[in-house]
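Here the structure comes first, spelled out in structure tokens, and everything after it is commentary.
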Amino acid sequence: MTKKIKTAFLYTGPHHGHRTFAESVNAVFVSDKVEGFSIPNISRFLQTFKGIGKIPADTDVLICEGGSSIFKGVLWKRMNPKKKLVLIVDEPKLYY
């Protein structure tokens with residue numbers, strides 16, 4: 001018997017294509033929207049530490065929708081070195 005892989009999708013939008021992909025792998029959706037903070041350029045950094053606990057503990061694979069969620073994804077990966085981190089690289093921030 002094989003173990004079912006638990007996947008989580010860390011999103012801010014989500015973009016229609018990203019949502020469809022995450023649904024196709026039965027991912028648990030985890031919102032990465034910045035809420036309650038209004039400090040320019042610092043809000044995303046603070047949200048990383050506030051929201052890391054939203055990712056289910058039994059997640060085997062974490063899919064990050066874009067550059068804005070990479071900090072949280074990398075922190076999660078550092079705490080879970082044997083698990084997989086996936087970044088959807090298709091946003092303008094990474095291009096520029």
Side-chain angles (χ1 to χ4, degrees):
M1 183 175 201
T2 59
K3 179 188 174 218
K4 185 173 180 179
I5 295 174
K6 176 93 180 238
T7 305
F9 175 52
L10 193 58
Y11 69 93
T12 53
H15 180 275
H16 175 71
H18 302 162
R19 180 180 351 102
T20 302
F21 170 68
E23 288 171 348
S24 75
V25 295
N26 297 318
V28 173
F29 282 61
V30 180
S31 176
D32 191 35
K33 293 181 182 178
V34 175
E35 298 170 354
F37 295 112
S38 63
I39 304 167
N41 301 320
I42 297 176
S43 298
R44 174 59 55 192
F45 180 74
L46 295 174
Q47 181 67 13
T48 296
F49 296 104
K50 177 185 174 197
I52 194 77
K54 290 183 187 179
I55 301 168
D58 60 345
T59 298
D60 298 306
V61 178
L62 179 64
I63 303 169
C64 295
E65 183 175 34
S68 61
S69 59
I70 189 124
F71 296 114
K72 194 176 293 183
V74 168
L75 183 60
W76 175 85
K77 175 67 175 166
R78 295 284 302 201
M79 296 184 324
N80 300 283
K82 294 186 179 190
K83 297 184 179 188
K84 302 295 180 196
L85 174 64
V86 177
L87 174 63
I88 299 173
V89 184
D90 74 338
E91 77 174 71
K93 290 178 191 174
L94 298 174
Y95 174 78
Y96 293 111

Go through the steps for I88 and H15 under the test side-chain contact (heavy atoms from CB on, under 4.5 Å), then give the verdict. CA-CA 11 Å; I88 299 173; H15 180 275; over 6 Å; no
Not counting sequence neighbours, which residues clear side-chain hydrogen bond (donor to acceptor under 3.5 Å, both in side chains) with D60? List them please. K3
Minimal non-hydrogen separation, L62 against T59, with atom names: N-CG2, 4.2 Å
If you count the non-hydrogen atoms of other residues, nucleotides and ligands that lie under 6.0 Å from CG in L75, is the total more than 12? yes
State which residues pass side-chain contact (heavy atoms from CB on, under 4.5 Å) with A22; sequence neighbours excluded, sorted by chain then number. F9, A27, F29
Could you list all the side-chain hydrogen bond (donor to acceptor under 3.5 Å, both in side chains) pairs where at least one residue sits in residues 73-83, not counting sequence neighbours? none
For E65 and D32, run side-chain contact (heavy atoms from CB on, under 4.5 Å): C-alpha distance rounded to whole Å, both residues' side-chain angles, the deciding distance at 0.1 Å, then the answer. CA-CA 9 Å; E65 183 175 34; D32 191 35; over 6 Å; no
Search all heavy atoms of S31 against all heavy atoms of K54 and return the closest pair with its distance. O-NZ, 3.2 Å
For a quick test of reading the model, state the closest non-hydrogen atom pair linking V28 to P56 and the distance between them. CG1-CG, 4.2 Å
Taking side chain as C-beta onward, heavy atoms only, is M79 less than 4.5 Å from I52? yes
Could you go step by step and tell me if I5 and K84 meet the side-chain contact (heavy atoms from CB on, under 4.5 Å) rule? CA-CA 11 Å; I5 295 174; K84 302 295 180 196; over 6 Å; no
Show me the pairs that pass salt bridge (charged side-chain N to carboxylate O under 4.0 Å, His left out) and involve residues 4-15, at least two apart or across chains. K6-D58
V25 vs I63 side-chain heavy atoms within contact, under 4.5 Å: yes
Walk me through whether C64 and L10 qualify under side-chain contact (heavy atoms from CB on, under 4.5 Å). CA-CA 5 Å; C64 295; L10 193 58; 4.1 Å; yes
